[in-house]
Amino acid sequence: MKKSKYVFYVLLVPVLLWLITLIVLPHIELFLSSFRFETDEGEKIISLANYMAFFSDEIYWRTFLNTAVYSISITFLAFLVTFPVAFYISKVVAKKYSSFLTLLLLIPIWIGELVTIYGWMILLGDNGVINNFLISIGLIDTPIEMLYTDFSMTIGLLYMSMLFMIVPIVSTLESLDDSLIEAASDLGASKWTIFTKIIIPHSMPGITSGGIIVFMLVIGDYVAPNLLGGKSSLWFTEQIYNKFLATFNWNEGAAFGFLLLILSSAIIWLALRASGQKLERVGS
Amino acid sequence: MKHILEVKNLRREFKEFTAVDGVDFFVEKGGFFSILGPSGCGKTTLLRMISGFQEESSGEILINGESMKGVPPEKRPVNIVFQNLALFPMMNVEENVAFGLKRENVSKEDIAKRVKKMLKRVGLEGYEKKKVTELSGGQRQRVAIARSLVLKPKILLLDEPLGALDRKLREHMKVELKLLQREIGTTFIYITHDQSEALVMSDKVAVMNKGILEQIDTPQNLYKNPKTAFVASFVGESNSFDVKSYENDTIVTENGWTISKKGLDFVPTKLFVRPEAFIINPDDDMDSIETTKIKIKTVLFDGANTKLAAIINQSGDEVLISLPQNAQFEDLKVGDVIKIGVHFDDLKCYKD
């Protein structure tokens, strides 16, 4: 008994060190600095002015709104694209291949986001693989503008976040007893009914946790919108980046960072409420 | 009598083996029909073909006179109670039972009425809003049966539904299922490897082994007059003897028992005797019996089901002998040598 307690504390120390030094302390510092404000007279005061800037300047909250709408759409798109794949891996293909296929899906993660995005740039550019191919077969005369548009940004964000949707869905689908599908079919249900009444409700925890991860990854991503997005597709993280590194207004940057955290958490909370899901169930 | 189900020369081949190897049978309307066989005998494949989840390699299935070729499971007038019940965990009891009715475009009031009636019938009144995960094994069983029966199928297929229950509950559900079937009159086809379930509940039992039906008969006949060696050994308890020779109407077994058996038109290789067919210390003047000496090895006390394990003819082979339920032979001891007899008719001979 004594010994196991001792082990518990020894193992707890690195966890706490990690949490406190790398997560809690920087956040506290950022949180405090988000309230620091320098008036025109150079006086340092504590105020909500940094937060007010977000609401008073249209460009900021519009960018955030834009980012949020895009993130929600990409999350939904990720679900549409990955669900058939997840279903195929967990239910259609033989068990011995399913782990191999899941492993294949991991490859883009091994390569790293930046490299895969450069890969997409090679594919989508005006002189890129796709345009060259289309021109060479005579389908088009001038290159289609794909890179630096909302399209290329969406693809980049989808590509790097998709996996985090597939894995939880695969694991919930694997726990779905095939006889439930057969039972529904036996009771007269069509394929669509089986999908909406049995498969989707069963995989809801996986879809929700996948959705939360994808949404958070996408709304907080900086590389893909920056490298693949066009001038019109300004991402909120770019605003934060600019605050820190372009205008050196760390205090406002910190406030914007917290706003991103609060607002995206609020969106998830609302989505969970609306779909009748509970956060505790999502983890399972 | 009309045949609700007719199966004609049904076969199902898989890559490496033949699961169902030419099966013919019919089921009478309103009957309780069991398919009894050891695991791996092909009974589940047979059931899946009747329900439409598996396609037949050849042969035909007729339900109510109509061929089921190419008819998908959701269009067949049969319903299954699955081995693991397959209740929908995301729905409550009421929604589970109503699931099939909703697919049939039945009006809301009708659905509510029929679900209520069915739940009352299976004794689950007041459980409508319960989650299926909150129910006991027996209650879940009833939900599964109600969910199928509410659709008024022509045939209800049951795939070893009692397998997961504990022994006491299983005994209870056996009787309950039989009564329920009598009451509603739906044809039941029951798949099981448990001979007691099949014998207690069924009107007719088909014994299946290695993809073929060995015998289709009433439970009584199956027990009294098994047609093949497999049926004799699988249904009920039996002592089996290997036959060494059969000449001049006389059988000699491997363990040295000489028996006269007239009128066999084949050379038997196996001889079966039920434990209760042995007569202990028969009178010398009894007709048409065959006797031998045995030495008692142990007394297996099991209440009304007490048996003797004894060695026959010093051969080392063991036989089981049921003791009569009166206290007549209470003083038999381990090591006693006694005479036993068997009536000629109770000696069942088979050729492999």
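Chain letters run A, B, ... following the sequence lines, proteins first and then strands; every chain starts at 1. Please read these numbers as outputs of a predicted model, since none were measured by experiment. Atoms considered below: every heavy atom in the structure, side chains included; atoms not considered: hydrogens, waters and symmetry mates.
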* To do: May I ask you to test the A:K197-B:F99 pair for a side-chain heavy-atom distance under 4.5 Å?
  => yes

* Of all heavy-atom pairs between B:F88 and A:L180, which one has the smallest distance, and what is that distance? -> CE2-O, 3.4 Å

* Asked: So, for A:E182 and B:F53, which heavy atoms are closest and what is the spacing to 0.1 Å?
  -> O-CZ, 3.0 Å

* To do: Check whether A:S185 gets within reach of chain B through its side chain, its backbone, both or neither, counting any heavy atom under 4.5 Å.
  => both

* Less than 4.5 Å apart, any side-chain heavy atom of A:I194 and any of B:E74? -> no

* Asked: Does any heavy atom of chain A fall under 4.5 Å from the side chain of B:L151, the backbone, both, or neither of them?
  -> side chain

* For atom OH of A:Y88, is the number of surrounding heavy atoms from other residues, nucleotides or ligands below 6.0 Å larger than 12? -> no

* Asked: Considering residues, nucleotides and ligands other than B:K154, do more than 12 of their heavy atoms fall under 6.0 Å from its NZ?
  -> no

* Measuring heavy-atom distances to chain A, does B:N79 have an atom under 4.5 Å in its side chain, in its backbone, in both, or in neither? -> both

* Would you indicate whether A:F195, at its atom CZ, is surrounded by more than 12 heavy atoms from other residues, nucleotides or ligands within a distance under 6.0 Å? => yes

* **Check: B:P89 and A:D177 side chains under 4.5 Å, non-hydrogen atoms** => no

* Asked: Is atom NZ of B:K113 surrounded by more than 12 heavy atoms (other residues, nucleotides or ligands) closer than 6.0 Å?
  -> no

* Using non-hydrogen atoms only, which part of B:L85 is less than 4.5 Å away from chain A: side chain, backbone, both, or neither? -> neither

* Are side-chain heavy atoms of A:L187 and B:R147 found at a separation under 4.5 Å? -> yes

* **Within 6.0 Å of CD in B:E55, more than 12 heavy atoms from elsewhere** => no

* Look at atom CD of B:E134 and say whether more than 12 heavy atoms of other residues, nucleotides or ligands are closer to it than 6.0 Å. => yes

* Between A:D186 and chain B, which part of the residue has a heavy atom less than 4.5 Å away: side chain, backbone, both or neither? -> both

* Report yes if some heavy atom in the side chain of B:K102 is under 4.5 Å from a heavy atom in the side chain of A:T193; otherwise report no. => no

* Asked: More than 12 heavy atoms of other residues, nucleotides or ligands under 6.0 Å from NZ of B:K152: is that the case?
  -> no

* To do: Mark yes when over 12 heavy atoms from residues, nucleotides or ligands other than A:W110 sit less than 6.0 Å from its CH2; otherwise mark no.
  => yes

* **Minimum heavy-atom distance A:P201-B:M90, with the two atoms named** => CB-CG, 3.9 Å

* Distance, nearest 0.5 Å, that separates OG of A:S179 from CD of B:Q83 -> 9.5 Å

